[in-house]
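Read the structure below first, then the notes.
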Amino acid sequence: MKEYLVTEYLEKQSIACAVSAQNWEEASRQAAQILIDKGAIRSEYLTRMMEKLEKERSYMVLTSGVAVIHARPGEDVCKNSISLLTLKQPVEFGNANYDPVAVVFMLAATDDNSHIRLMMAVAQKLSQPDIKEKMLAAKEIEELWTLMQD
């Protein structure tokens with residue numbers, strides 16, 4: 001199987017550690033704002049993603065404590081990119097099996113093939129032994145960045 005690296009799409013400046021969020025909406029908006037500020041997405045992408053999350057957010061919680069939020073590729077995505085947040089306090093996304101969520105990856109893809117590559121990169125990273133625990137234990141962005149490079 002081809003290896004996809006998260007760091008092909010995630011930059012150190014797109015990571016936030018121990019973020020305060022009251023709920024899934026606030027966590028999602030913060031993950032998006034990172035990519036808006038970098039010019040990777042336009043605000044319309046956030047709007048589309050929030051609409052999708054309203055209907056399908058429980059499906060975006062892929063494993064215990066980890067959500068991978070996104071919308072379909074579109075013209076409001078300027079660059080294939082990922083942002084990563086760890087939350088100070090976990091929040092509910094509405095998934096009975098895997099809530100609460102303490103790690104949020106946000107994906108933005110310019111086309112369907114890129115969307116699949118971004119999903120594969122995150123899935124392969126999450127398949128590493130103890131990665132979630134290590135991510136949650138990280139206290140600084142530098143630690144998270146190092147974990148994403150390994």
- request: Could you pull out the closest heavy-atom pair between Leu53 and Met60, with the gap in Å?
  value: CD2-SD, 3.5 Å
query: Linking I/L/V/M/F/W/Y whenever their side-chain heavy atoms sit closer than 4.5 Å, directly or via other members, would Val61 and Val66 fall into one cluster?
result: no
- request: May I ask whether Leu126 and Met120 are part of the same hydrophobic cluster, defined by side-chain heavy atoms of I, L, V, M, F, W, Y residues being less than 4.5 angstrom apart, directly or through others?
  value: no
query: Just wondering, do Leu147 and Glu143 contact through their side chains at under 4.5 Å, heavy atoms?
result: no
- prompt: Are the side chains of Lys88 and Val19 in touch, meaning some heavy atoms are under 4.5 Å apart?
  reply: no
- request: Show your reasoning for whether side-chain contact (heavy atoms from CB on, under 4.5 Å) applies to Met49 and His70.
  value: CA-CA 6 Å; Met49 184 187 71; His70 58 278; 5.6 Å; no
- request: Using a 4.5 Å cut-off on heavy atoms from C-beta on, say whether the side chain of Cys78 contacts that of Ile41.
  value: no
message: I need the Arg117 CZ to Leu5 CG distance, nearest 0.5 Å.
response: 12.5 Å
- prompt: Are the side chain of Asn80 and the backbone of Ser114 linked by a donor-acceptor contact shorter than 3.5 Å?
  reply: no
message: As a quick check of understanding, evaluate side-chain contact (heavy atoms from CB on, under 4.5 Å) for Ile69 and Phe105, giving each step before the final call.
response: CA-CA 6 Å; Ile69 61 175; Phe105 285 93; over 6 Å; no
statement: Rounded to the nearest 0.5 Å, the OG atom of Ser20 sits from the CG atom of Leu85 at a distance of 11.0 Å
message: Is there a path of hydrophobic side-chain contacts, each under 4.5 Å between heavy atoms, that joins Leu84 and Phe93?
response: no
field: Residue pair Ile82, Met106: steps toward the side-chain contact (heavy atoms from CB on, under 4.5 Å) verdict
entry: CA-CA 5 Å; Ile82 297 174; Met106 184 184 154; over 6 Å; no
query: Does any non-hydrogen side-chain atom of Val104 lie less than 4.5 Å from one of Ser28?
result: no
- prompt: Just by distance, do the side chain of Glu44 and the backbone of Asp76 share a donor-acceptor pair under 3.5 Å?
  reply: no
query: Would Ile34 and Leu118 show up in the same hydrophobic cluster when neighbours are defined by side-chain heavy atoms closer than 4.5 Å?
result: no
message: Please report the interatomic distance OG(Ser43) to CD(Gln33), rounded to the nearest 0.5 Å.
response: 9.0 Å
message: Please check this pair: side chain of Ser81 against backbone of Ala40, looking for a donor-acceptor N/O pair closer than 3.5 Å.
response: no
message: Please check if the number of heavy atoms outside Glu133 that lie under 6.0 Å from its CD is greater than 12.
response: yes
field: Rounded distance [0.5 Å steps], CG in Leu144 versus CG in Leu136
entry: 9.0 Å
- request: Would you mind checking if Glu142 and Lys12 are paired as a salt bridge, meaning a charged N to carboxylate O distance below 4.0 Å?
  value: yes
field: Interatomic distance, Glu92 atom CD to Arg57 atom CZ [nearest 0.5 angstrom]
entry: 10.0 Å
- line: In this structure, CG of Asp150 is separated from CH2 of Trp145 (nearest 0.5 Å) by 11.0 Å
field: Donor-acceptor under 3.5 Å (Tyr45 side chain, Ala71 main chain)
entry: yes
- request: Kindly indicate whether the side chain of Val101, heavy atoms from C-beta on, has any atom under 4.5 Å from the side chain of Pro90.
  value: no
Stepwise salt bridge (charged side-chain N to carboxylate O under 4.0 Å, His left out) test for Lys79 and Glu11: CA-CA 12 Å; Lys79 174 183 169 186; Glu11 299 174 2; 2.7 Å; yes
query: Does a sphere of radius 6.0 Å around CD in Gln89 hold more than 12 heavy atoms from other residues, nucleotides or ligands, not counting ones at 6.0 Å or beyond?
result: no
- request: Give a yes or no on whether Val122 and Trp24 share a hydrophobic cluster (residues Ile, Leu, Val, Met, Phe, Trp, Tyr; joining criterion: side-chain heavy atoms under 4.5 Å apart).
  value: no
message: Please evaluate residues Glu140 and Cys17 with respect to the criterion side-chain contact (heavy atoms from CB on, under 4.5 Å), reporting the C-alpha separation (whole Å), side-chain torsions for both, the decisive distance (0.1 Å), and the verdict.
response: CA-CA 6 Å; Glu140 296 179 5; Cys17 189; 5.5 Å; no
